[in-house]
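Chain identifiers are assigned alphabetically (A, B, ...) following the order of the sequence lines, protein sequences preceding nucleic acid strands; residue numbering begins at 1 within each chain.
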Amino acid sequence: YSTFEGDYKWKKNDLTYRIQNYTPDMSQAEVDDSIKRALQVWADVTPLRFTRINSGTADIMISFVVKDHADGYPFDGPNGFLAHAFPPFEGIGGDAHFDDDEDFFFQSPQGYNLFLVAAHEFGHSLGLEHSRDPGALMYPSYVYRDINTFALPQDDVNGIQFLYGPNPDV
Amino acid sequence: SPIDKDQEKIAMNYLTKLYGLQKQDHNSKLKSSSALSLHLKEMQEFFGLEVTGKLNEETLNVMKKPRCGVPDVAA
């Protein structure tokens with residue numbers, strides 16, 4: 001695993017998130033569920049807890065955008081870059097952007113599974129960089145996994161617990 | 001098979017966005033080719049490919065895979 005150089009971690013364990021808009025590829029309930037489960041992947045192994053808000057500025061602002069979306073990192077149309085997220089800091093830090101030129105899916109192995117892409121991006125939102133371990137969730141390339149049996153790979157557990165420690169409730 | 005101009009463009013774009021390659025200085029071909037090789041080596045090492053510093057089919061195949069847009073190395 002790898003962490004961002006510098007002090008890129010949240011100084012609090014209670015974080016908020018907000019879904020600013022939706023992709024037309026899935027129902028809103030499916031997007032909500034995918035995002036919630038993607039954050040829970042990290043909450044399961046750390047003291048971090050996530051609360052959804054529907055207005056105002058959240059620590060993690062989530063949006064579906066295309067091409068140039070005014071953050072200096074334009075998306076590139078279908079395939080290529082699927083999403084990106086910023087490490088923890090004030091303002092845009094923690095925010096996750098998904099390329100809405102992609103086809104996102106809820107359960108199907110075709111297209112890109114939103115839960116898997118989001119879980120990876122939220123690793124960045126919390127302070128993890130890309131891992132060189134091809135089996136890690138934080139590996140940069142998209143790899144489909146069975147989401148019904150998904151378990152956070154050990155490399156990612158080690159990385160996030162290096163930043164935040166283990167879940168005290170387990 | 002030989003790498004054509006379009007493939008080279010894909011590689012330059014990939015390395016500029018993800019590996020800190022500066023926009024190429026067209027007046028300094030030598031400088032740009034050594035920078036390209038350096039960043040290619042970095043990318044090949046990250047993905048566990050054979051580290052040659054040269055653009056080949058295997059490296060291009062990795063570059064064409066769908067992925068996250070966050071750089072692999074600190075810029």
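Listed by chain and number, the residues in a side-chain contact (heavy atoms from CB on, under 4.5 Å) with A/A119 are A/A38, A/L137 (sequence neighbours excluded). Every side chain to side chain donor-acceptor pair (under 3.5 Å) that A/N167 has, sequence neighbours left out, goes to A/R49. Checked against side-chain contact (heavy atoms from CB on, under 4.5 Å), A/V157 has the following partners two or more places apart in sequence or in another chain: A/V45, A/L152, A/Q154, A/Q161.
Counting heavy-atom neighbours within 6.0 Å of A/K36 NZ, excluding the residue itself, gives a total of 12 or less.
At least one side-chain heavy atom of B/F47 sits under 4.5 Å from a side-chain heavy atom of A/P140.
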Could you please show the donor-acceptor pairs under 3.5 angstrom between chain A and chain B, with distances rounded to 0.1 Å?
from, atom 1, to, atom 2, distance (Å)
A/G80, O, B/R67, N, 2.9
A/L82, N, B/R67, O, 2.9
A/A83, O, B/G69, N, 2.8
A/H130, ND1, B/V70, O, 3.3
A/H130, ND1, B/D72, OD1, 2.7
A/P140, O, B/C68, N, 3.0
A/Y142, N, B/P66, O, 2.9

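A/V117 and A/I60 fall within the same hydrophobic cluster, defined by Ile, Leu, Val, Met, Phe, Trp and Tyr side-chain heavy atoms under 4.5 Å apart, directly or through other members. Using a 4.5 Å cut-off between side-chain heavy atoms of Ile, Leu, Val, Met, Phe, Trp and Tyr, with links allowed through other members, A/F86 and A/L15 fall into different hydrophobic clusters.
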